[in-house]
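Below, read A as the first sequence line, B as the second, and so on, with proteins coming before strands; counting in each chain starts at 1.
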2 protein chains.
Amino acid sequence: MRVSVEVDGHVVDVYDAKCPSRAVLEHVTSRWAVLVLAILLDGTCRFSELRRRIGGVSEKMLAQTLRRLERDGFVRRVAHPVIPPHVDYSLTELGEPAARQVAGLAYWIEEQMPAVSVARASYDERS
Amino acid sequence: MRVSVEVDGHVVDVYDAKCPSRAVLEHVTSRWAVLVLAILLDGTCRFSELRRRIGGVSEKMLAQTLRRLERDGFVRRVAHPVIPPHVDYSLTELGEPAARQVAGLAYWIEEQMPAVSVARASYDERS
DNA sequence: CGGTATCCAACACGATACTG
DNA sequence: CAGTATCGTGTTGGATACCG
């Protein structure tokens, strides 16, 4: 099963659920990954600072998100051998353009919120 | 709770879980919405054709995804009053740039898959 | 501080059956 | 054809407790 789409003169193939790139896309656009990437655009950040700035994320989910992004090569994890522990997270060369696109989408959506509200009001009225 | 990020000279604010734009972002980047938007970039499409081209999506989830995108103003639904029913889905003026960004990200990720594989191999080896 | 392990609730999702 | 309704389940995700 293949889905071919043209974007800016390029052909995009989105395969079925078993396509590996679809999994990566889901990692990057997942609930917490979007926010992690956006924050890391600001620069290196520690675990607990990420947790504080995102707000509402559990330790478990943040750790899971970070490990997945690290494994895919978007995030770099540097653990300093000190006590108490000190771990820095930052974007890799691969992660930065990803973060930029994701954050760009977030920014664009925020700009469009008035239009979205209008559309919703219109939809809800018809129903 | 506020997260400020600079992207291309703009300041992006990603608020906490109650921020309305965060919900819209999740709608647009959700599992099936990404694929629906990508396909609709190709042009108008009927319900069953969407279902066929995506592959692996249930009627329920496709309907739910389409309704959410329609309500947010990204997708236009046109029902022709004929028997058997004929319903066309297409992108709105708001939906097209959204679809372009999402599909662009999907395309970019697919390009980076070799790098992702290398990163994964490296990560898995260290563990 | 920066996690992991465990448990449990909510819900996302799919399968199936049914309808205008 | 284009859905809706209902049900069952598997995964997601939060809370809590604990560890190096």
Side-chain angles (χ1 to χ4, degrees), chain A residues 1 16-19 22-36 39-40 44-71 75-90 123-124 126-127, chain B residues 1 16-18 22-36 39-40 44-72 75-90 123-124 126-127:
Chain A
M1 177 74 50
D16 72 353
K18 290 184 179 169
C19 173
R22 192 146 131 182
V24 175
L25 182 63
E26 279 173 21
H27 294 171
V28 167
T29 61
S30 73
R31 189 170 181 192
W32 304 117
V34 169
L35 302 172
V36 166
I39 291 176
L40 291 184
T44 295
C45 200
R46 298 178 63 171
F47 186 87
S48 50
E49 192 191 343
L50 275 171
R51 196 153 129 72
R52 227 175 334 101
R53 292 183 65 183
I54 290 178
V57 63
S58 65
E59 293 181 353
K60 176 185 162 186
M61 290 314 299
L62 181 56
Q64 193 176 107
T65 299
L66 285 169
R67 261 182 285 113
R68 223 159 43 174
L69 290 175
E70 185 195 358
R71 188 171 113 93
V75 161
R76 176 172 27 243
R77 178 184 184 276
V78 177
H80 300 96
V82 295
I83 292 178
H86 183 133
V87 180
D88 282 328
Y89 291 94
S90 57
Y123 179 94
D124 292 344
R126 285 197 301 278
S127 311
Chain B
M1 178 74 50
D16 74 352
K18 288 184 179 167
R22 193 147 130 183
V24 176
L25 182 64
E26 279 173 21
H27 294 169
V28 167
T29 61
S30 73
R31 186 170 184 193
W32 303 118
V34 169
L35 303 172
V36 165
I39 291 175
L40 290 184
T44 296
C45 199
R46 299 178 63 171
F47 185 87
S48 49
E49 193 191 344
L50 276 171
R51 196 153 126 73
R52 225 173 338 99
R53 291 183 65 182
I54 290 177
V57 62
S58 66
E59 293 181 354
K60 177 185 163 186
M61 289 315 299
L62 182 56
Q64 192 175 109
T65 300
L66 286 169
R67 262 182 286 111
R68 225 158 43 173
L69 290 175
E70 185 196 358
R71 190 171 111 93
D72 286 349
V75 160
R76 175 170 28 242
R77 177 183 183 277
V78 177
H80 300 97
V82 296
I83 292 179
H86 182 133
V87 180
D88 282 328
Y89 290 95
S90 56
Y123 180 94
D124 292 345
R126 282 198 302 278
S127 314

Do B:Tyr123 and A:Arg67 pass the side-chain contact (heavy atoms from CB on, under 4.5 Å) test, and can you show the C-alpha distance, the side-chain angles, and the key distance before you say yes or no? CA-CA 10 Å; B:Tyr123 180 94; A:Arg67 261 182 285 113; 3.6 Å; yes

If only atom types and distance count, is the side chain of A:His80 paired as donor or acceptor with the main-chain N or O of A:His86 below 3.5 Å? yes

Give, ordered by number, those residues of residues 80-90 of chain B having at least one heavy-atom distance below 4.0 Å to an atom of DNA chain D; if nothing qualifies, reply none.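 Nucleic-acid contacts, sorted: B:Pro84, B:Pro85, B:His86, B:Val87, B:Tyr89.
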
Please give, in whole Å, the distance from D:dA2 P to B:Ile54 CD1?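 Value for this atom pair: 14 Å.
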
Starting at CG of A:Leu62 and ending at P of D:dA15, how long is that distance when rounded to a whole Å?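 So the two atoms are 14 Å apart, to the nearest Å.
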
Quick check: closest heavy atoms across A:Thr65 and A:Trp32, and the distance to 0.1 Å? OG1-CB, 3.7 Å

Step by step, would you call A:Ser30 with A:Arg68 a side-chain contact (heavy atoms from CB on, under 4.5 Å)? CA-CA 11 Å; A:Ser30 73; A:Arg68 223 159 43 174; 3.6 Å; yes

Would you indicate, yes or no, if [N] has its OP1 or OP2 atom less than 4.0 angstrom from a side-chain nitrogen or oxygen of [X]?
X	N	answer
A:Arg77	C:dG2	no
A:Arg46	C:dG2	yes
A:Ser48	C:dG2	yes

Side chains of B:Phe47 and B:Leu66, heavy atoms from C-beta outward: is any pair under 4.5 Å?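 In contact.
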
Side-chain contact test, heavy atoms from C-beta onward, threshold under 4.5 Å: evaluate it for B:Val28 versus A:Thr29 and give yes or no.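 No, too far: nothing below the 4.5 Å cut-off.
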
One character per nucleotide, please: for nucleotides 4-15 of chain C, 5' to 3', B when the base has a protein heavy atom closer than 4.0 Å, S when only the sugar-phosphate does, - otherwise. B-BB-----BBB

Once you round to the nearest 0.5 Å, how far does CD1 of A:Ile39 lie from CZ of A:Arg51? 12.5 Å

Determine, step by step, whether B:Leu35 and A:Arg22 satisfy the side-chain contact (heavy atoms from CB on, under 4.5 Å) criterion, reporting the C-alpha distance in whole Å, the side-chain angles of both residues, the deciding distance to 0.1 Å, and the verdict. CA-CA 10 Å; B:Leu35 303 172; A:Arg22 192 146 131 182; 3.2 Å; yes

